[in-house]
Amino acid sequence: MAQEEKITGRILAQARADAEAALAAAQSKADELLASVSAKCAKQQEEASAAATREAEETAQRIARMSALDLRKDELQLKRALVEEAFAAAIERLEALPAEDASALYERLICEQASGGEAVCPAPSAAGYINAAFLARVSGRLAKDGRAELTLAAPAPGLKAGLLLMKDGAVTDLSPASLVRALQDGMEADVAAALYPSALYA
């Protein structure tokens, strides 16, 4: 049990660490782009100040503002792409877990999520280790809390990895994609801070 907790704790901690590192990288890239925006705006404002007439100066300043806005939009798009790539990479890493690590992870998740009596629909890629022996072991843990045993259903053909818990028409998605989406939602404030730093739009 202790070994299983170590494995699953490491997997989930690594997924969050990867996401946080990606946000930090996005913020660093944003800082670089912001410096570029500021330098370009300063240059254009200097050029505007040197214009021969007030009309020419106002025109140059208007162009500088538009250029800065375009650069800010490009910066935001880049940061969005970096964040999405980071979470996509986290999904891929979870999908590629060795069977032993994946088995420990999903056993823990089922014990956390199942109310008892669910049908377990593994992804075709997980059918090799989410089997009768796996269910017997997990059901034994659930029984200690008075929860009914699980049953093994046919693999879910559209699921790339992980499993689904099904009961009374309700479905609990325990696929890597769903787990990372939940992680991403839990980091919404961090993501927003990286995408929309107040200094950028001050």
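The basis for the numbers below is simple: all heavy atoms, side chains too, and nothing from hydrogens, waters or symmetry mates.
Partners of R181 according to the side chain to side chain donor-acceptor pair (under 3.5 Å) rule, which considers only residues two or more places apart in sequence or in another chain, do not exist here. Among residues two or more places apart in sequence or in another chain, the salt bridge (charged side-chain N to carboxylate O under 4.0 Å, His left out) test is passed with D168 by none. S125 pairs by the side chain to side chain donor-acceptor pair (under 3.5 Å) definition with nothing, not counting sequence neighbours.
The minimum heavy-atom distance between L142 and C111, with the atom names listed, is CD2-CA, 4.0 Å. In terms of heavy-atom proximity, Y106 sits nearest to A161 at OH-C, 4.5 Å. What you find for S103 and R137 is that their closest heavy atoms are OG-NH2, 3.3 Å.
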Review item, side-chain donor-acceptor pairs of residues 117-124, under 3.5 Å, at least two apart:
from: E118; atom 1: OE1; to: G116; atom 2: N; distance (Å): 2.9
from: E118; atom 1: OE2; to: S115; atom 2: N; distance (Å): 2.7
from: E118; atom 1: OE2; to: S115; atom 2: OG; distance (Å): 3.0

Result block: side-chain N/O donor-acceptor pairs under 3.5 angstrom for residues 171-180, not counting sequence neighbours:
from: D173; atom 1: OD1; to: S175; atom 2: N; distance (Å): 2.8
from: D173; atom 1: OD1; to: S175; atom 2: OG; distance (Å): 2.8
from: S175; atom 1: OG; to: S178; atom 2: N; distance (Å): 3.3
from: S178; atom 1: OG; to: D173; atom 2: O; distance (Å): 3.1

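With hydrophobic clusters built from ILVMFWY side chains whose heavy atoms lie under 4.5 angstrom apart, M166 does not share a cluster with L163. Y129 and L159 end up in different hydrophobic clusters when Ile, Leu, Val, Met, Phe, Trp and Tyr side chains are linked at under 4.5 Å. Placement of L97 and L164 in two distinct hydrophobic clusters is found when ILVMFWY residues are connected by side-chain heavy-atom separations under 4.5 Å, directly or transitively.
Rounding to the nearest 0.5 Å gives a distance of 5.5 Å between CZ of F87 and CG of L183.
In this structure a side-chain-to-backbone donor-acceptor pair under 3.5 Å is missing from D145 to R147.
For the side-chain hydrogen bond (donor to acceptor under 3.5 Å, both in side chains) condition, the pairs that include at least one residue of residues 81-92, sequence neighbours left out, are E84-Q184. The salt bridge (charged side-chain N to carboxylate O under 4.0 Å, His left out) contacts involving residues 148-161 comprise E95-K160, where partners must be two or more places apart or lie in separate chains.
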